[in-house]
Amino acid sequence: MPRIAYFGPQGTFTEQAARAFATNGSDELVPVATVPEALAAVRAEKADAACVPLESSVQGSVPDTMDGLAVDEPLVAVGEQVIPIRFTVLTRPGMARHEIRTVASHPHALGQVSRWLAENLPSAAPVAATSTAAAAVDVTEGRYDAAVTAPVAAEHYPLDVLATDLADVRDAVTRFLLLRRPGPVRPPTGADRTSLIVEPDSFRTGSLAELLTELAECGINLSRIESRPKRGRLGEYRFYLDFDGHIAERRVGDALAALYRRCREVRFLGSYPNADASMAVVPPNNTDQAYADADAWLDGVRSGRSA
Ligand SMILES: O=C(O)C(=O)Cc1ccccc1
C-alpha cells in the first residue's frame, strides 16, 4: 500500500492537498510533525511520497521546504496542487471572545489573518505553532486559547468554532508538491512544469543573466525564480527555478545541459503536470521537430551530403 507522509497532524491544509494527490484508494496518508520529517521519511524509504507546502500567494515560500529540497539525497516532484486558503478560528469550548489571550497557528496562517485578528481579537497575542493543526492540538491540550486552522480541523478537534471563511487576501492560494525518490520521469502531458535548483559556478557580473539567457534562447518561459542563501556565507545563493515544459522535450534538455555546463550544481526537482493544466506555448523554432530538422541538416553538412 503506497504511503504518503504529509505535514500534519491531522487537519492541516497539507492533508487536504495529500487527499487530492491520493487518487489511488489504497494510498495510506501518514501525518508527520514537520516538513523535514516528511522529506526524511521518503529519503529513509519509510514512505513512498511526501506532501509538503512549497509557496503561498500571500506569504511566499515555505523555508523548510526550500531548504529541505536543496540538501541531502535528491527528491523529485511528481505532482503539484494549488489549494484555495480560507481560515477557521477554533477556541477552547465555552471560551468567550474577550477571554482569548493567545491565538496560535502556523506563521503563514497568522500572516494571512493579521488584519482580522487586529480587528476582532486585539488583546490576543499571536503564537507561532508548527502547523495550523498543531495549533488546534495546543488549544485542545490547554496551552493556548485559540487556533487559526483549516476548515477541516473543526471535524478533528473538540473545539468551538469562533469564525469561518477568513482571509485578509481573498483568492489566496498555496501550492503543494508531492515528492518521491528519483526514478524514471513520467512522460510529458504538454501541460508540464519543471523545477530546478541551480548554483552558478561564480557570482561574477552577469552570471545570473547568462543562465536566464540560456533558458530564453531555448524558448523557455520561467514561471518563478527565487534565491535562498546557502546559509554558510553571505553573498552565496541558490536559485530556484520553475518553468513551463518537460525534461523529455529537446528545448528543455538543451537548456538543462547548458545550465549544467555553467553551474557548480544543478539539482533536478522534477517535471510534472502543472496544477491548472495550462499547455506550454513552444516557439516554432524550439519544437522537437525544429531541433530534429537542424540535427538532420548538420549531419548532412558533416557527412558531405549537403552544404
Ligand atoms: O499548517 C498547515 O495547515 C499547513 O498545511 C501549512 C499551511 C499554513 C497556512 C496556509 C497554508 C498552508
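Atoms within each ligand, like the ligands themselves, are counted from 1 in listed order.
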Under 3.5 Å side-chain donor-acceptor pair for [X] and [Y]:
{"X": "Thr194", "Y": "Ser271", "result": "yes"}
{"X": "Ser195", "Y": "Arg267", "result": "no"}
{"X": "Ser227", "Y": "Arg238", "result": "no"}

>> List the residues meeting side-chain hydrogen bond (donor to acceptor under 3.5 Å, both in side chains) with Ser306, not counting sequence neighbours, and say none if there are none.
In response: none

> Can you name the residues that come within less than 4.0 Å of ligand 1, going by heavy atoms only?
Replying inline: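 Shell around ligand 1 (4.0 Å, heavy atoms): Phe7, Thr12, Phe13, Thr14, Ile85, His106, His108, Ala109, Ser131, Thr132, Thr174.
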
>> Nearest 0.5 angstrom please: Asp192 CG to Ser278 OG, how far?
In response: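 Here the rounded value is 10.0 Å.
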
> Do the rings of Tyr237 and Phe239 sit parallel, tilted or perpendicular, given the 30° and 60° boundaries?
Replying inline: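 Rings of Tyr237 and Phe239: tilted, as their planes differ by 30° to 60°.
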
